[in-house]
Amino acid sequence: QVQLVESGGGLVQAGGSLRLSCAASGSIFSFNAMGWYRQAPGKQRELVARISSVGTTNYADSVKGRFTISRDIAKNTVYLQMNSLKPEDTAVYYCNAAVVSWNNVDAWGQGTLVTVSS
């Protein structure tokens with residue numbers, strides 16, 4: 001089994017910064033991709049940032065230039081550095097990983113709440 005645990009969410013004022021972490025554990029042989037999604041109340045879950053197995057990154061237009069996704073392969077951890085936060089960034093942020101375990105697995109974390117006050 002594969003588990004993802006997010007941390008780093010909280011309350012921050014507009015213009016501030018937060019760093020989210022997602023630690024993966026279990027029988028993981030390799031990572032195909034890892035990413036961050038977010039879901040605000042009444043809205044669909046959307047992709048925020050993604051990093052591939054070779055380090056290629058993708059960002060939603062709404063966060064490009066403000067957020068940075070990175071990974072520490074040795075720690076099986078992916079990070080999301082969020083700068084210049086806006087109230088519209090308020091959402092539950094979910095970590096996602098496509099990994100090779102005993103089979104191919106698409107795993108999700110439990111979510112961490114980010115609240116940005118104006």
Side-chain angles (χ1 to χ4, degrees):
Q1 68 277 11
V2 178
Q3 294 185 5
L4 305 178
V5 179
E6 302 101 331
S7 62
L11 175 64
V12 65
Q13 291 187 340
S17 298
L18 284 174
R19 189 192 192 201
L20 306 183
S21 299
C22 173
S25 62
S27 300
I28 301 170
F29 301 152
S30 64
F31 288 86
N32 292 326
M34 296 189 74
W36 290 93
Y37 291 72
R38 68 185 181 187
Q39 187 168 24
K43 297 183 179 180
Q44 293 186 339
R45 188 174 300 186
E46 65 173 344
L47 175 68
V48 177
R50 179 183 182 273
I51 186 166
S52 75
S53 61
V54 296
T56 302
T57 58
N58 292 313
Y59 297 93
D61 288 341
S62 59
V63 307
K64 203 164 191 175
R66 299 188 296 120
F67 292 9
T68 302
I69 188 170
S70 62
R71 63 182 179 178
D72 187 331
I73 297 176
K75 295 182 179 180
N76 286 341
T77 300
V78 64
Y79 305 95
L80 185 67
Q81 179 66 46
M82 304 185 294
N83 298 325
S84 301
L85 283 162
K86 305 174 181 179
E88 48 264 48
D89 295 319
T90 296
V92 177
Y93 284 71
Y94 297 91
C95 180
N96 170 254
V99 307
V100 179
S101 182
W102 300 110
N103 55 4
N104 292 327
V105 175
D106 190 24
W108 290 87
Q110 82 288 350
T112 185
L113 177 63
V114 172
T115 302
V116 184
S117 63
S118 60

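Keep in mind that what you see is a predicted model, and the values were worked out from it rather than measured.
The side-chain heavy atoms of Trp108 and Cys95, taken from C-beta on, include no pair separated by under 4.5 Å. The closest side-chain heavy-atom distance from Val63 to Arg38 is below 4.5 Å. Taking 4.5 Å as the limit, some side-chain heavy atom of Arg45 sits within range of a side-chain heavy atom of Tyr94. Inter-residue side-chain proximity for Ser52 and Arg50 is flagged as met; some heavy-atom pair is nearer than 4.5 Å.
Two different hydrophobic clusters hold Val78 and Tyr37 under the rule that ILVMFWY side chains link at heavy-atom gaps under 4.5 Å. Follow the hydrophobic side-chain contacts under 4.5 Å out from Val92 and you never reach Leu20; the two are in separate clusters. Linking ILVMFWY residues whenever their side-chain heavy atoms come closer than 4.5 Å, directly or via other members, places Leu18 and Tyr93 in the same cluster.
In terms of heavy atoms, Ser17 sits closest to Asn83 at OG-OD1, 2.8 Å. Taking every heavy atom of both residues into account, Leu4 and Gln110 meet most closely at O-OE1, 3.6 Å. The heavy-atom pair separating Ala24 from Ile28 by the smallest distance is CB-CD1, 3.7 Å. The minimum heavy-atom distance between Ala40 and Ala91, with the atom names listed, is N-CB, 3.9 Å. The two residues Phe67 and Tyr59 have their closest heavy-atom pair at O-CE2, 3.3 Å. Of all non-hydrogen atoms in Val12 and Gly16, the two that sit nearest each other are CG2-CA, 3.9 Å.
Here CD of Gln13 is found 5.0 Å from OG of Ser117. Values are rounded to the nearest 0.5 Å. Distance check, rounded to the nearest 0.5 Å: CD1 of Ile51 to OG1 of Thr56 gives 8.0 Å. Taking CD of Gln39 as the reference point, atom CD of Gln44 lies at 8.5 Å (rounded to 0.5 Å). Here the CG-OG1 distance, from Leu80 to Thr112, works out to 11.0 Å after rounding to the nearest 0.5 Å. To the nearest 0.5 Å, atom OG1 of residue Thr68 and atom CZ of residue Arg19 are 11.0 Å apart. To the nearest 0.5 Å, the span separating CD1 on Ile73 from CE on Met34 amounts to 10.5 Å.
With a 6.0 Å radius and a threshold of 12 heavy atoms from other residues, nucleotides or ligands, Gln3 has its CD atom at or below the threshold.
No cation-pi contact links Arg71 to Phe31, judged by a cut-off of 6.0 Å to the six-membered ring centre and 45° from its axis.
With hydrogens and angles ignored, the 3.5 Å screen pairs a side-chain donor or acceptor of Asn96 with a backbone N or O of Ala107. Between the side chain of Ser101 and the backbone N or O of Ser27, at least one donor-acceptor pair lies under 3.5 Å.
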* Arg66/Asp89 under side chain to side chain contact (heavy atoms under 4.5 Å, CB included): CA gap, chis, key distance, verdict -> CA-CA 11 Å; Arg66 299 188 296 120; Asp89 295 319; 2.8 Å; yes
